[in-house]
Amino acid sequence: MQVRAVLFDLDGVLIDSSSFHRESWTKLGSEIGFQMTDAVFWETFGMPNRQIFPLLFGRALPEAEASALSERKEELFRALARGRLQALPGAIDLLRSLKESGFRLALGSSTPRSNVDVILETLGVACLFDGTVTADDVTHGKPNPEVFLTAAARVAVPPERCVVVEDAVVGVEAARAAGMRCLAVTTTHPAERLAAADRIVAGLAGLGPEDFEALLA
């Protein structure tokens with residue numbers, strides 16, 4: 001049997017941490033004097049912080065300033081989310097069934113590694129992943145395909161044998177740019193915004209290995 005892999009985004013796919021991210025942006029804005037609107041938040045959800053700051057400040061930030069603000073924002077997120085995160089319905093069952101069926105599993109997320117470690121530890125699923133790629137491992141954020149191409153390389157599976165699971169518009173664009181199949185879930189965006197995906201579902205509950213085999217067929 002040919003090797004195959006499923007590459008998962010994290011936020012909005014395995015967990016719904018959007019409320020914690022929204023609150024952490026609000027807190028950061030209160031500290032340093034900007035307002036994160038709902039429109040900007042949802043438009044940039046899934047993008048690295050360094051790509052979001054220019055939209056908030058109207059200018060590119062020096063690297064040191066961007067790094068410091070990004071770390072502060074994620075400190076606020078971890079304080080809000082630690083111990084309160086739960087997997088979305090069907091997520092853990094799907095990970096286990098894919099693993100048992102021989103799929104290689106990887107995480108391809110725009111989330112910083114410090115957050116990913118906390119989330120995977122909380123969910124108890126770190127052992128299920130053969131590779132993990134975070135914002136700290138890539139130069140270009142989504143919709144650039146680097147995160148998914150790197151994840152595929154880490155699990156030694158060619159792009160055409162990979163299915164990406166995404167919830168964000170930029171994530172679907174990144175998957176397509178990587179030459180991979182894409183299954184989109186409508187947890188954060190309506191189906192019409194995710195129309196470029198190969199399949200669109202409301203959530204992961206009820207999905208099994210056969211659904212991913214069909215996408216690769």
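These numbers come from the heavy atoms of this one structure, side chains and all, not from hydrogens, waters or symmetry mates. Not measured: the values here are computed from a predicted model.
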From [X] atom [atom1] to [Y] atom [atom2], the distance as rounded to the nearest 0.5 Å:
X    : Y    : atom1 : atom2 : value
D117 : T134 : CG    : OG1   : 8.0 Å
D167 : H189 : CG    : NE2   : 6.5 Å
E192 : T186 : CD    : OG1   : 9.5 Å
L120 : L107 : CG    : CG    : 6.0 Å
K73  : T26  : NZ    : OG1   : 10.5 Å
L56  : M36  : CG    : CE    : 4.5 Å

If two hydrophobic side chains count as joined below 4.5 Å and joins carry through other members, does [X] share a cluster with [Y]?
X    : Y    : answer
L10  : L207 : yes
F41  : F77  : no
V157 : F148 : no
V169 : V185 : no
L7   : V3   : no

Query raised in the report: Between R78 and E71, is there a salt bridge with N-O shorter than 4.0 Å?
Result: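 A salt bridge is present here (some side-chain N lies under 4.0 Å from a carboxylate O).
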Query - Short N-O contact, D130 and R104, less than 4.0 angstrom - result: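 So D130 does not pair with R104 through a salt bridge.
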Would you say the side chain of [Y] lies within less than 4.5 Å of the side chain of [X], judging by non-hydrogen atoms?
X    : Y    : value
F103 : V163 : no
L88  : L204 : no
F57  : E65  : no
D38  : R22  : yes
D11  : F20  : no
V133 : E146 : no
L216 : Q2   : no
S17  : L80  : no

I'd like to know if the side chain of [X] reaches the main chain of [Y], judged simply by a donor and an acceptor atom lying under 3.5 Å from each other, with no hydrogens or angles considered.
X    : Y    : value
S24  : L76  : no
N144 : G141 : no
T44  : M47  : no
E166 : A168 : yes
R50  : S70  : no
S67  : A64  : no
R4   : G102 : yes

Report task. Output all residues satisfying side chain to side chain donor-acceptor pair (under 3.5 Å) with E160, sequence neighbours left out; order by chain, then residue number. Result ->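 Expected list: none.
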Minimum heavy-atom separation for [X] and [Y], please, with both atom names.
X    : Y    : answer
A87  : L123 : N-CD2, 3.5 Å
A66  : L61  : CB-CB, 4.1 Å
C162 : M180 : O-CB, 3.6 Å
P143 : A177 : O-CB, 4.4 Å
D136 : S114 : OD2-N, 4.4 Å
R176 : C182 : CD-CB, 4.4 Å

Query raised in the report: Can you say whether the rings of F212 and F8 are parallel (under 30°), tilted (30 to 60°) or perpendicular (over 60°)?
Result: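 Because their plane-to-plane angle lies in the 30° to 60° range, the rings of F212 and F8 count as tilted.
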Report task. Report the C-alpha separation of S110 and V147 in whole Å, then their side-chain angles, then the decisive distance to 0.1 Å, and conclude whether the side-chain contact (heavy atoms from CB on, under 4.5 Å) test is met. Result -> CA-CA 8 Å; S110 298; V147 64; 5.8 Å; no
Requested in this report: Give the intermediate values and the outcome of side-chain contact (heavy atoms from CB on, under 4.5 Å) for residues E74 and N49.
Outcome: CA-CA 9 Å; E74 300 311 332; N49 293 338; 2.7 Å; yes
Query raised in the report: Passes side-chain contact (heavy atoms from CB on, under 4.5 Å), W42 versus R193? Steps please.
Result: CA-CA 12 Å; W42 289 113; R193 296 289 310 280; over 6 Å; no
Query raised in the report: Can you name the one residue among L194, V164, V165, V6 that meets side-chain contact (heavy atoms from CB on, under 4.5 Å) with L183?
Result: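 For L183, the side-chain contact (heavy atoms from CB on, under 4.5 Å) test succeeds with only one of L194, V164, V165, V6, which is V165.
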When you look at [atom1] of [X], are more than 12 heavy atoms from neighbouring residues, nucleotides or ligands closer to it than 6.0 Å?
X    : atom1 : answer
K27  : NZ    : no
E173 : CD    : yes
E31  : CD    : yes

Query - R154 side chain to T150 side chain, donor-acceptor N/O pair below 3.5 angstrom - result: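 No, because no side-chain N or O of R154 sits under 3.5 Å from a partner of the opposite role on T150.
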Query - Verdict with supporting geometry, L95 and F129, side-chain contact (heavy atoms from CB on, under 4.5 Å) - result: CA-CA 9 Å; L95 289 172; F129 288 98; 3.9 Å; yes
